[in-house]
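Here the structure is laid out as structure tokens; the discussion comes afterwards.
Residue numbers start from 1 in every chain, and the chains themselves are labelled A, B, ... in the order their sequence lines are given, proteins ahead of strands. None of the values given here were measured: they were computed from a predicted structure.
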There are 2 protein chains.
Amino acid sequence: MYSGCMSTPERLIESTRELLWERGYVGTSPKAILERAGAGQGSMYHHFKGKPDLALAAIRRTADDLRATAERVLAGPGTPYERIEAYLLRERDVLRGCPVGRLTMDPDVIASEELRAPVDETIAFIRQRIAELVEEGKRQGQFAPGLDGEEIGAAVLATVQGGYVLARASGSPAAFDAGVRGLLSLLTPPATGKDR
Amino acid sequence: MYSGCMSTPERLIESTRELLWERGYVGTSPKAILERAGAGQGSMYHHFKGKPDLALAAIRRTADDLRATAERVLAGPGTPYERIEAYLLRERDVLRGCPVGRLTMDPDVIASEELRAPVDETIAFIRQRIAELVEEGKRQGQFAPGLDGEEIGAAVLATVQGGYVLARASGSPAAFDAGVRGLLSLLTPPATGKDR
DNA sequence: GTCTATATCACGATAGAC
DNA sequence: GTCTATCGTGATATAGAC
């Protein structure tokens, strides 16, 4: 519940973001948003056209956040492999799922071009960034030349998104970690240094 | 709409399965189920205790179906690699998503031990079967001995589940296929025969 | 078994007072 | 800008006729 320290539209957006993450678009009602934001009906319809409009603002912000978080790791220090590894191993609240990816299971989000767009753009962006890293790693001889950047990018992102599914199904983050370790073991560049 | 050729409880279960796949648990109302099944309110509450009870029957059947479909491929002919490949490449209605996996994004399903159980069991089963194939492949020298069956199983299943997310985000099955190809390119056993 | 009321509450939005 | 009615509809379940 956001009591003070934020403007009303801000509190509405943040409450919506939380609820979309927890319950999805279909499972999120204006009433629940208002209760969490500590606002009345009138406030919401004054600042936003309705539920879809508010959801769009919330989804855009969540999408931008996630993109920035991913970019921080993917553009960070280290070799291409190390940066992909850092992306896969970055701290996550696994059982909560992906705040962006979970929206793809929402029929009303998928049915709306506007609501789906930020989701699509975010996922496409991360996938593309990983693809670029793979291509760079190939040039450096870190990845096998036969690998396709776009395909590996898709596989990496899919492992993360699917990892959430496995974890939530089992009620434990362990399955997510197992999937990531499995992918990393397949992706590990052949040791070129002193060891082995 | 199921008009004839099925008993009423059967029509109710099948309608529920369809709607759970399309809209999830939260997005599926008894009214919508009844309309699709061509039944009245009384019928449903006569045969089932309520929405959760009917959903449980539907989820159980969908889970059993999926498990059988997967087992048919995983226990099929071919080397371990070929059987995993066949599982990954098996025909799918990608944009509809996974009828079992999508339930993990449903807050009410995850909150209910009973509803989550069939989902968990199905996913654990498939993951375990792939793990066994990897171990078998390792013994045959088809996979690197350093690979962990359970981890690769998780990675394979996660790639599939995440592939649905990528595909639905972009509105095209292409991303699913790319992820699968990417994983297969990482998993491909080193050619041991005449070539290379 | 199946049907049609009916009940109760929530949903999503609007109107208008303050 | 924010609030409290109020509206029409749908969700979920029960009651009781047939």
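Residue B:Arg11 contributes atom CZ, which lies 14 Å from atom P of C:dG1 at whole-angstrom precision. In this entry the distance linking CZ of B:Phe48 with P of C:dG1 reads 13 Å, nearest Å. Note: CD (A:Glu10) to P (D:dG1) measures 14 Å, nearest angstrom. Between the P atom of D:dT12 and the CG atom of B:Asp53 lies a distance of 15 Å, rounded to the nearest Å.
Proximity of A:Val119 to A:Ile59: side-chain heavy atoms (C-beta onward) are separated by under 4.5 Å at one or more points.
Take A:Arg90 and apply the side-chain hydrogen bond (donor to acceptor under 3.5 Å, both in side chains) test, not counting sequence neighbours, and it matches no residue. Legend: residues meeting side-chain hydrogen bond (donor to acceptor under 3.5 Å, both in side chains) with B:Glu91, ordered by chain and number and at least two apart, are absent. The side-chain hydrogen bond (donor to acceptor under 3.5 Å, both in side chains) test applied to B:Glu10 returns B:Arg61, not counting sequence neighbours.
Applying the salt bridge (charged side-chain N to carboxylate O under 4.0 Å, His left out) test to pairs two or more places apart or on separate chains, those with a residue in residues 173-188 of chain B are A:Glu151-B:Arg181.
Cluster note: A:Ile13 groups with A:Leu12, A:Leu19, A:Ile33, A:Leu34, A:Met44, A:Tyr45, A:Phe48, A:Leu54 through ILVMFWY side-chain heavy atoms spaced under 4.5 Å, whether in direct contact or through intervening members.
Considering only side-chain N and O atoms, A:His46 lies nowhere under 4.0 angstrom from the phosphate OP1 or OP2 of D:dT2.
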Per-nucleotide protein contact string for nucleotides 9-18 of chain C (B base, S sugar-phosphate only, - none; heavy atom under 4.0 Å): --SSBB----
